[in-house]
There are 4 protein chains.
Amino acid sequence: MIKAGIIGATGYAGQMLNWILLKHPSAEVVFLNAHSNAGVKYEEIYNNYIGFSDFTTVSLAEAEEMLSEINVLFISLPHGKSFEIAQKAVGLGVKVIDLGADYRLKDVEEYESWYGVKHENKPLLDEAVYGLVELNRQFIRDARIVGNPGCYPTASILALAPLLSEGLIDTKSIIIDAKSGVSGAGRNASVQNLFCEVNESVKAYGIGSHRHTPEIEQMLNSIAGEEFNISFTPHLIPMNRGILATCYAGVKKPVTQQDIDSLFKDFYCDSSFVKYINIPPETRNVKGTNLCHIYAKLDSRTGRIVVVSAIDNLIKGAAGQAVQCMNLMFGLQEDTGLNLVAVVP
Amino acid sequence: MIKAGIIGATGYAGQMLNWILLKHPSAEVVFLNAHSNAGVKYEEIYNNYIGFSDFTTVSLAEAEEMLSEINVLFISLPHGKSFEIAQKAVGLGVKVIDLGADYRLKDVEEYESWYGVKHENKPLLDEAVYGLVELNRQFIRDARIVGNPGCYPTASILALAPLLSEGLIDTKSIIIDAKSGVSGAGRNASVQNLFCEVNESVKAYGIGSHRHTPEIEQMLNSIAGEEFNISFTPHLIPMNRGILATCYAGVKKPVTQQDIDSLFKDFYCDSSFVKYINIPPETRNVKGTNLCHIYAKLDSRTGRIVVVSAIDNLIKGAAGQAVQCMNLMFGLQEDTGLNLVAVVP
Amino acid sequence: MIKAGIIGATGYAGQMLNWILLKHPSAEVVFLNAHSNAGVKYEEIYNNYIGFSDFTTVSLAEAEEMLSEINVLFISLPHGKSFEIAQKAVGLGVKVIDLGADYRLKDVEEYESWYGVKHENKPLLDEAVYGLVELNRQFIRDARIVGNPGCYPTASILALAPLLSEGLIDTKSIIIDAKSGVSGAGRNASVQNLFCEVNESVKAYGIGSHRHTPEIEQMLNSIAGEEFNISFTPHLIPMNRGILATCYAGVKKPVTQQDIDSLFKDFYCDSSFVKYINIPPETRNVKGTNLCHIYAKLDSRTGRIVVVSAIDNLIKGAAGQAVQCMNLMFGLQEDTGLNLVAVVP
Amino acid sequence: MIKAGIIGATGYAGQMLNWILLKHPSAEVVFLNAHSNAGVKYEEIYNNYIGFSDFTTVSLAEAEEMLSEINVLFISLPHGKSFEIAQKAVGLGVKVIDLGADYRLKDVEEYESWYGVKHENKPLLDEAVYGLVELNRQFIRDARIVGNPGCYPTASILALAPLLSEGLIDTKSIIIDAKSGVSGAGRNASVQNLFCEVNESVKAYGIGSHRHTPEIEQMLNSIAGEEFNISFTPHLIPMNRGILATCYAGVKKPVTQQDIDSLFKDFYCDSSFVKYINIPPETRNVKGTNLCHIYAKLDSRTGRIVVVSAIDNLIKGAAGQAVQCMNLMFGLQEDTGLNLVAVVP
């Protein structure tokens, strides 16, 4: 049985980790850390756990004391907050999966420029593996520390990787227009995420400046083997969960719809969570699951391919992918505890 | 392995049956029946099953041919439509669980008066057991046919049963004000359930005339051992799933909050799906589960007890309860395949 | 031209005041007061005003300086915060309409007990008129200070007043089950009103203890001419605006549906905002208006009348009613600037 | 007083026409036509009109009889249905504003190819003016028949027109990613627009094949003075109303953010409904209004300009723009009866 600790277990992503691990056949939670709520029974913070979880949340200091009891530490904190605890855990031989942004960008300067904080553990960053399983499976298996991908990057990279790997698209032409449910903004008190401020409206935000941009570029550049920038625009949608990424790219070589279909199917033939489908995906069909639905359409009129991908931002875009990484790191089958079908409607 | 067939598998309740049985360790679906969609791949009707279900839906005639291959038949049809298929199944020794209204009301005249159709199988009705497990466990085990409770009755009866069983409340004073998500209205094309007609609004409907009224009364009368009518008002809430029943009753004998708390806890001590909690329930905390959260508050100012119960109308109020019945009918542990925790947010 | 000032203009109710007054033919806003946002352009706080409002919000101190420039002061502050500014305004001959709770309950002890603060201006409270126009029209005209009704009381009292005025119902039997959109909770940063905490769920709150209870009772007692308590249970609904009050009461004398219909129509024949309709109301049909839709149904089976009323909590339940009061206080026609039809869908 | 008739008054757009004209100081409705609901009181179809409208809907035959009583005819029918009634009206000297698609595309072959029906009135099409007021003001004034723009084209063209008129962007690079509320799909019974099918989800549809594509291209080509295709992808958002168009285009000449800001402000300096703002627009801030909020951002990293525009699809995208056209056609000030501020929240 893998023993796991969760730092930041009262945020939405941390809570989903707990939810998944509760049913995981080969892992169990040892502690749930909270910040302002430390010392409160978990089922009082999230009433859906009433009768299912006896945990009382622990402070960071208490969590550190318990590092020796666990095999894997999930960290779900705001960026810049994970350096110390991650180092301690790794030092004790505990595998670390960081759901925040601190171990994703390999270029420290880029990290510091986009996030506005100093990176305090470059050696660990150097060794960290980017946890996008479908593309990095072999490196994740042996990693001591994984930088779990952001939600937008997960949806975006999975949508574009096959096309880039084949050199089918003009890298300079890539535009990603993404739509996210509100849970992506976290569970902090704020006026702008109040029900009445979000409901019955849609908006773009962070145009040209969202922090997931360099993360997407790092991976796409690596796949394509060249440097380029992309346009990335996130939007806020009045729903709890889900990300839909609509990706546009100009075609570089002659290609048919059938070629594209084959390419995607082949590319993901060993990735059971990625389903290449023949109609535009809806986020509700992957909600509550670790799935990514992808659809690609060649638009001959404009010479572009439009790829649409859908994930649950809190599962494949956060907690589910983290457990997928854990499974690999501990030699389990990749989908252990993650074999979920969306609850519709 | 229990072999199951589902009649009406493309409605919301029928689909949830399929969802639950897909993960059930001791049961498996043999056929999925559809009406207008017969012959269509199930994953094309519900895209969340892409990659998880190879079924093609079958017509009613085809389903009848396959009755001999199954052990249990779930029927999820509009009222008045189940008589023939239910009889055939029972005749072949197949256990029947009817999610519609045809085997709930024991008084045929009442059935015919509230539903406006003739009941065509009184003998089977006589033998049918009302499938509210927490109150009818012992009878369900041996039933050949179960009338699975309606969604509103499930929430309402579970809320009031303990108080009535102890004779604590004035039976003439009972008022049930219930709130339901839109999935209760089913998946039929209709203007009144369009997104734009329901969203950003709330309304009452069927005031004093909803068909679940006699079903609630039948059970409450039986528990109390006397005849009485109740006021029941359903409301439509702009959300997909969930029922909240707010129940009011005048206190008949001196009682304290502590007495009430003890009563509910004791009454449901062997019913793992019913959680008596100490704050007003929210439907989201039982969404996607077979749970019923109940909270009771003594209001000394008015001499009333207010009981609030929350269920997922499609699970504890339909498909989940049906599987709970199946488990009992086949000697399984009651919660087999139903050990679900709500996905929040 | 009536010159108006608004204290607390950045809350939802204060903002609706501004919205209504912007189009009012005989009134205009002189200042908009904000607390934490003082000094910010109003159109930056509420972007819907871009191009329509040049105001920069002022601090309370600045607002006080400008009292001499206005004829009417609207106060939209949390309870316990209006005493000083209201006194100053009245002292200067400025009419005051308080949208908070400080001038509603005539019994100071009751106020202090339910609100947990000391009332600091009993003389002004004594003279204050309860601003429920349909019932207090004649007193409002000459008032120097009006306590504008709460949202739940407005919907509840309008629903029950005709029945009580005729002595048709058993006063001890009254139950009000109310459903409100989230804007009733105001625009303060809080976890519990985040989109993801409210969406796709419904809950009761303040069972037996909501502060609008004594306000409803004060008015209903006054109409009936006797003392009694009522049961009042508010619920939170995942929508921005609207209140639906479902009211239950036992019939005391023989009455027909026709009697009830006539009673309501007659009672409100001079009240153009109250529409007695023949189907259960939906909140969307009064959204964005000062209307109250009412429907009453005699349920002979149970000997109860069920009355359902619908209002927009921020207009008839707050800002609209306040302007309705202002119109009377300044000799205008009651519906001036309030002749609004709901925008559907 | 302008006398108006509305064909198709029970659809969402037709209803909004009625709503606007109800308050219009210089126009009044003479008849409201319905199809399946002909002969029903309008306030029974839309309960928000209770007390505000005495109209009973008339059949098409009855409407034709009344053409001689009106000055302007609004037609809000599915494409291919307006030919006959439009011709009759024009023949009688009645100005026609068609909210459908039959008089928008000047190229008949393109119309027939995208819409799959034969165009039956080419002469009238030839003379029809495209009713996008901000760009076609001078032609609309004298038109006998106006093809009122589609909702997506309105948002998209207003966003891109200034950049194209200055030749600032690479016409081949234009991508429009649009998000619409559900009311755009109309008020017809359909499973796919049921609340439970749309709520808590987002999807793209009509990728590369939506019928608004040639309409957008026709106008953008005309502004740019060259032929080119664009990529247009609509998305369905779980909200009633609103369109957000996120438009991407590569910069062709050196330009600064300040240049862009000046360009938009100048371009729309005489168009009071278009507000160029300095933060990304939210659809809620234009909901219920005839406004278009536009924001443009130069992204130097990628050499692209991102323009985001927001409208209410039923007002500026349909009924409001139609009335704006009517105002011009009858010599009124353009914003008569349309001076609306969004009701927030």
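Reckoned from all heavy atoms, side chains included, excluding hydrogens, waters and symmetry mates. Letters A, B, ... are given to chains in the order of the sequence lines, protein chains preceding strands, and every chain is numbered from 1.
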>> Counting heavy-atom pairs under 4.5 Å with chain A, which one of D:V344, D:I207, D:N199 comes out on top?
In response: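 Most heavy-atom pairs under 4.5 Å with chain A: D:I207.
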> Pick from D:P345, D:S231, D:A204, D:C196: which one has the most heavy-atom pairs with chain A under 4.5 Å?
Replying inline: D:S231
Straight-line distance of [X] [atom1] to [Y] [atom2], nearest 0.5 Å:
X      : Y      : atom1 : atom2 : answer
D:E200 : A:I237 : CD    : CD1   : 11.5 Å
A:S173 : D:I175 : OG    : CD1   : 7.5 Å
A:T302 : D:I174 : OG1   : CD1   : 12.0 Å

> Any side-chain heavy-atom pair from D:K179 and A:D177 closer than 4.5 angstrom?
Replying inline: yes
> Considering only heavy atoms, which portion of D:T213 lies under 4.5 Å from any heavy atom of chain A: side chain, backbone, both, or neither?
Replying inline: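 Interface part for D:T213: side chain.
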> Relative to chain A, which segment of D:I230 carries a heavy atom at a distance below 4.5 Å: side chain, backbone, both, or neither?
Replying inline: backbone
>> Please enumerate all residues that pass ring-ring contact (aromatic ring centres under 6.0 Å, His included) together with A:Y295, with sequence neighbours excluded.
In response: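 Testing A:Y295 for ring-ring contact (aromatic ring centres under 6.0 Å, His included), a comparison that skips the adjacent residues, returns none.
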Using only non-hydrogen atoms and a strict under-4.5 angstrom cutoff, which residues of [range] touch chain A?
range                       : result
residues 275-288 of chain D : D:P280, D:P281, D:E282, D:T283, D:R284, D:K287
residues 242-259 of chain D : D:L244, D:T246, D:Y248
residues 303-312 of chain D : D:R304, D:V306, D:V308

> What heavy-atom pair brings D:M239 and A:P238 nearest, and what distance separates the two atoms?
Replying inline: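 Looking at all heavy atoms of both residues, the closest pair is CB-CG, 4.4 Å.
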> Between D:D299 and A:G208, what is the shortest heavy-atom contact and its length?
Replying inline: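 The pair with the smallest heavy-atom distance is OD2-CA, 4.0 Å.
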> Does the pair A:H235 and D:H235 meet the rule for a side chain to side chain contact (heavy atoms under 4.5 Å, CB included), with working shown?
Replying inline: CA-CA 12 Å; A:H235 296 76; D:H235 296 76; over 6 Å; no
> Which one of A:L236, A:V202, A:L298, A:L194 has the most heavy-atom pairs closer than 4.5 Å to chain D?
Replying inline: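 Ranked by contacts with chain D, first place is A:V202.
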> With respect to chain D, which residue among A:F228, A:W114, A:F195 yields the maximal number of heavy-atom pairs within a distance under 4.5 Å?
Replying inline: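 Heavy-atom pair counts peak at A:W114.
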